[in-house]
Each structure stands twice: as structure tokens, then as C-alpha cells.
Amino acid sequence: MSLTALHVTASVEEVNAVIERDGGVVIEGYVPDDALNAIRDDMMPVYETVDWGGDFLGDRTRRFGCLFQYSTALSALVEQPHFLGAAEHFLRTPSKVWHGEHLVDQVPDYHLSLTQAIAIHPGQGHQPLHRDDVLLFNPHPGPQVRVQMMFALTDFTAENGGTNVVAGSHRWDSGRGPRIEEAVPTEMKAGSALIWLGGVYHGGGLNTSENDVRHGITMAFDRAHLNWEENHFVVYDRETVEALPPLTRRLLGYEEPLGYWGYVLVDGKIKGVGDLLARDRAAPNLSVPS
Ligand SMILES: O=C(O)CCC(=O)C(=O)O
Ligand SMILES: [Fe+2]
């Protein structure tokens with residue numbers, strides 16, 4: 001079964017209902033054309049500068065990460081209402097905890113754990129079907145910990161390696177393995193995107209075309225108490241971070257602490273990296289008190 005495609009004018013609730021049912025959805029016209037064009041201009045020249053991935057990453061696949069080095073226009077992919085809406089709905093599920101005599105909601109936050117560009121070239125075989133949330137040791141059945149997005153920078157087709165997805169597999173328990181016949185390639189036009197849950201079996205597709213390279217950009221939101229998939233902190237410099245809009249910066253962990261994780265105590269107070277960046281700007285030689 002192929003995934004349902006909804007136009008970008010669909011409501012967040014409608015999109016979440018389809019994700020709940022099938023594990024994923026395609027959003028047609030995920031970002032406006034001007035954002036697509038800006039991202040394409042910045043990103044397309046980079047793909048050919050990197051070597052083949054090999055193994056699970058693909059022998060005829062080129063990948064690179066920490067994408068804000070190349071384009072600040074990518075924040076349009078992060079701050080897209082359906083992607084954020086799915087993260088809010090599936091990842092911010094409260095737990096009841098006691099604070100003294102009061103039973104209160106503890107609401108998990110989420111962060112932008114991964115940004116990766118993936119070009120699948122002719123000759124690339126099927127990537128083994130997998131769940132990306134196994135990286136986070138998430139049990140099945142279990143909580144939702146990841147919401148992922150794959151943006152089509154160029155058209156995705158059944159011939160050029162459009163992402164294989166097994167609809168409904170987010171409901172399978174850990175004992176059931178996927179078969180390639182159960183997967184359907186995602187077909188979508190450039191500017192559209194696939195959103196799926198971390199528990200859905202999927203994989204990069206087979207590219208049987210003559211010379212059609214499939215260019216995608218994937219991003220993942222994970223619950224903020226889990227580790228980051230990609231270590232962007234050692235790659236981005238201050239100028240890169242400060243050029244980003246505040247929400248993207250926050251989701252990358254450069255503003256306030258996300259759900260009491262990643263904070264620093266400064267003068268006895270809980271602060272985030274954003275406070276340190278601001279303070280360092282005001283007094284560049286001031287170090288964190290010991
Ligand atoms: O490139 C794709 O379509 C999917 C790649 C993927 O699922 C992965 O590398 O984890
Ligand atoms: Fe994957």
C-alpha cells in the first residue's frame with residue numbers, strides 16, 4: 001500500500017490522523033517554490049563534492065550532514081507546520097509525576113537530531129529495510145521517540161530510488177521482520193516531503209534509471225532526553241548558529257535547555273547555551289565559573 005499524499009493546505013490534525021493510521025504521509029508542496037529554489041541553489045553543488053557512502057550508507061549513494069553549514073534556507077524545512085505539528089503531537093506526550101504532594105504533567109521536549117543530504121545514483125540497490133528508532137533502542141510496542149522528514153530536492157520516482165516505506169509497520173512488534181515486497185517506493189515531486197514515525201520500516205530505494213540521480217534531504221526530531229544522532233556541536237561555528245532563525249536555533253540546542261537537558265548552571269541558575277553565547281558576546285573573555 002502506498003502512503004496517502006495530502007496537499008500542503010491540509011490541516012495539522014488531518015496530517016497527524018494519517019500518520020497515526022499509516023505511520024507516514026506525503027505532503028505535496030511542503031514548502032513554497034521560493035524556498036525550494038533557494039535550498040536547491042545552495043545544496044545542489046555540494047552533493048558531488050563527497051565520496052560514496054558504502055555499506056549501509058550505499059555504494060552508489062553520496063551523503064553529507066550538518067547541513068546548516070551550506071544553507072540557512074533549510075530552516076524552512078525545519079519550521080514547516082506539518083513537521084512541527086507531528087513532533088508536537090507524537091513526541092510531546094506527558095507523563096504524570098509527583099512533585100511533593102502534587103501529581104503534575106512532565107512534558108518531554110524534542111530536538112533536531114539529524115540533518116542529512118542523500119543522493120541515490122543509478123546502480124544503487126535497495127537499502128535494507130529498517131526502523132530508524134532502533135538507533136535509540138526504542139522497544140516495539142513502545143513510545144514514539146522520533147518523527148522524521150525526507151524532502152524531495154529533485155523528483156522521487158519508483159525508478160530513481162524514492163524512499164521505500166512499509167505502511168502500517170509502526171504497529172508491528174519487534175518479532176516481525178519486513179520483506180521488500182511489502183515496501184512501496186515514495187513518488188513525489190521536488191518540493192514535496194515524506195513525514196514518518198521512527199518505528200516505520202523504510203529504506204533508500206533501488207535506482208534502476210539510466211541517469212536520474214535522486215536528491216533528498218532528511219531531518220529527524222527526537223525526544224530531547226535522547227542523544228543527538230549527529231554531533232553538529234563540533235561542526236557549527238558561532239556565525240552559522242547566529243544566522244539561523246530562533247526556533248531552528250532552539251531545536252538545535254543553542255537556546256534554552258530542552259526539558260532540563262543540556263543545561264549549564266551559571267551563578268547558581270539554570271541556563272541554556274543561548275545565554276552563554278549572549279554572555280560571551282558581551283564579555284568575550286568571561287569563562288563559566290567553577
Ligand atoms: O535515502 C532514503 O530514502 C532513506 C535513507 C535511510 O532511511 C537511512 O539511511 O536511514
Ligand atoms: Fe532510515
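Side chains of N207 and H121: a donor-acceptor N/O pair is absent below 3.5 angstrom, by distance only. In this structure, a donor-acceptor pair under 3.5 Å is present between the side chains of D132 and Q148. Between the side chains of T61 and Q124, at least one donor N or O sits under 3.5 Å from an acceptor N or O. Side-chain atoms of R214 and T157 form no donor-acceptor pair, as typed in the model, at a separation below 3.5 Å. For the residue pair T115 and E230, a side-chain donor N or O sits within less than 3.5 Å of a side-chain acceptor on the partner.
Rounded to the nearest 0.5 angstrom, Y110 OH and Q144 CD are separated by 15.0 Å. Atom NE2 of residue H215 and atom CD1 of residue I39 lie 14.5 Å apart, to the nearest 0.5 angstrom. Annotation: the span from I27 atom CD1 to L194 atom CG amounts to 9.5 Å, rounded to 0.5 Å. Taking CG from D42 and CG from L67, the interatomic distance works out to 11.0 Å, rounded to the nearest 0.5 Å. Annotation: the span from N227 atom CG to D222 atom CG amounts to 9.5 Å, rounded to 0.5 Å.
Two residues are said to be in side-chain contact when any heavy atoms from C-beta on lie closer than 4.5 Å; L6 and E14 meet this criterion. When side chains are defined from C-beta on, V145 does not count as touching F90, because their heavy atoms never get closer than 4.5 Å. With contacts defined as side-chain heavy-atom distances shorter than 4.5 Å, the pair V26/T4 does not qualify. Side-chain atoms of I118 and M150, non-hydrogen and from C-beta on, do get closer than 4.5 Å to each other. Side-chain contact check for D59 versus W52: every heavy-atom pair is 4.5 Å or farther apart.
Under a 4.0 Å N-O distance rule, the pair R146/D133 does not qualify as a salt bridge.
Counting non-hydrogen atoms of neighbouring residues, nucleotides and ligands closer than 6.0 angstrom, the CD atom of E210 reaches no more than 12 such neighbours. When the shell of 6.0 Å around NE2 of H99 is examined, it contains 12 or fewer heavy atoms from other residues, nucleotides or ligands. Environment of OH in Y47: crowded, with over 12 heavy atoms of neighbouring residues, nucleotides or ligands closer than 6.0 Å.
Among residue pairs with one or both ends in residues 236-259, those qualifying as ring-ring contact (aromatic ring centres under 6.0 Å, His included) are H232-Y236, H232-Y254, F233-Y254; sequence neighbours excluded.
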Trace of the side chain to side chain contact (heavy atoms under 4.5 Å, CB included) decision for L252 with F68: CA-CA 11 Å; L252 285 167; F68 295 108; 3.8 Å; yes

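Between V200 and G23, the shortest heavy-atom distance links the atoms CG2-O, 3.3 Å. Nearest approach of A86 to I19, heavy atoms of both residues: CB-CD1, 3.9 Å. Of all heavy-atom pairs between G24 and V18, the closest is O-CG1, 3.8 Å. The minimum heavy-atom distance linking P122 with V213 is given by the pair CD-CG2, 4.2 Å. Nearest heavy atoms, R131 versus S174: NH1-CA, 4.3 Å.
Legend: residues meeting side chain to side chain contact (heavy atoms under 4.5 Å, CB included) with P108, ordered by chain and number and at least two apart, are R223. Evaluation of the side-chain hydrogen bond (donor to acceptor under 3.5 Å, both in side chains) rule for T240 yields D237 as partners, not counting sequence neighbours. H102 pairs by the side chain to side chain contact (heavy atoms under 4.5 Å, CB included) definition with V104, not counting sequence neighbours. Scanning for salt bridge (Lys or Arg N to Asp or Glu O under 4.0 Å) contacts around D155 gives K189, with sequence neighbours left out. For E256, the side-chain hydrogen bond (donor to acceptor under 3.5 Å, both in side chains) partners are R250, not counting sequence neighbours. With sequence neighbours excluded, the residues forming a side-chain hydrogen bond (donor to acceptor under 3.5 Å, both in side chains) with Q116 are R63, listed by chain and number. Every residue two or more places apart in sequence or in another chain was checked for a side-chain hydrogen bond (donor to acceptor under 3.5 Å, both in side chains) with S192, and none qualifies. The salt bridge (Lys or Arg N to Asp or Glu O under 4.0 Å) test applied to D105 returns K96, not counting sequence neighbours.
With N164 as the partner, the side chain to side chain donor-acceptor pair (under 3.5 Å) test is satisfied by one option alone out of Q127, H126, H202, E182: H126.
Hydrophobic side-chain contacts under 4.5 Å tie L129 into a cluster, directly or through other members, with V166, W172, I180, Y201.
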With a cut-off of 3.5 Å and sequence neighbours excluded, list every side-chain donor-acceptor pair involving residues 270-278.
residue, atom, partner, partner atom, Å
D275, OD2, G272, N, 3.1

Enumerate donor-acceptor pairs with a distance under 3.5 Å from any side-chain N or O in residues 73-85 to protein atoms, sequence neighbours excluded.
residue, atom, partner, partner atom, Å
S75, OG, T72, O, 3.1
E79, OE2, T248, N, 3.1
E79, OE2, T248, OG1, 2.6
Q80, OE1, H82, N, 2.6
Q80, OE1, F83, N, 3.2
Q80, NE2, Y30, O, 3.1
Q80, NE2, H82, ND1, 3.1
H82, NE2, A10, O, 2.7

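Residue V241 is grouped with residue V235 when hydrophobic side chains (ILVMFWY) are merged at heavy-atom distances under 4.5 angstrom, including chains of intermediate members.
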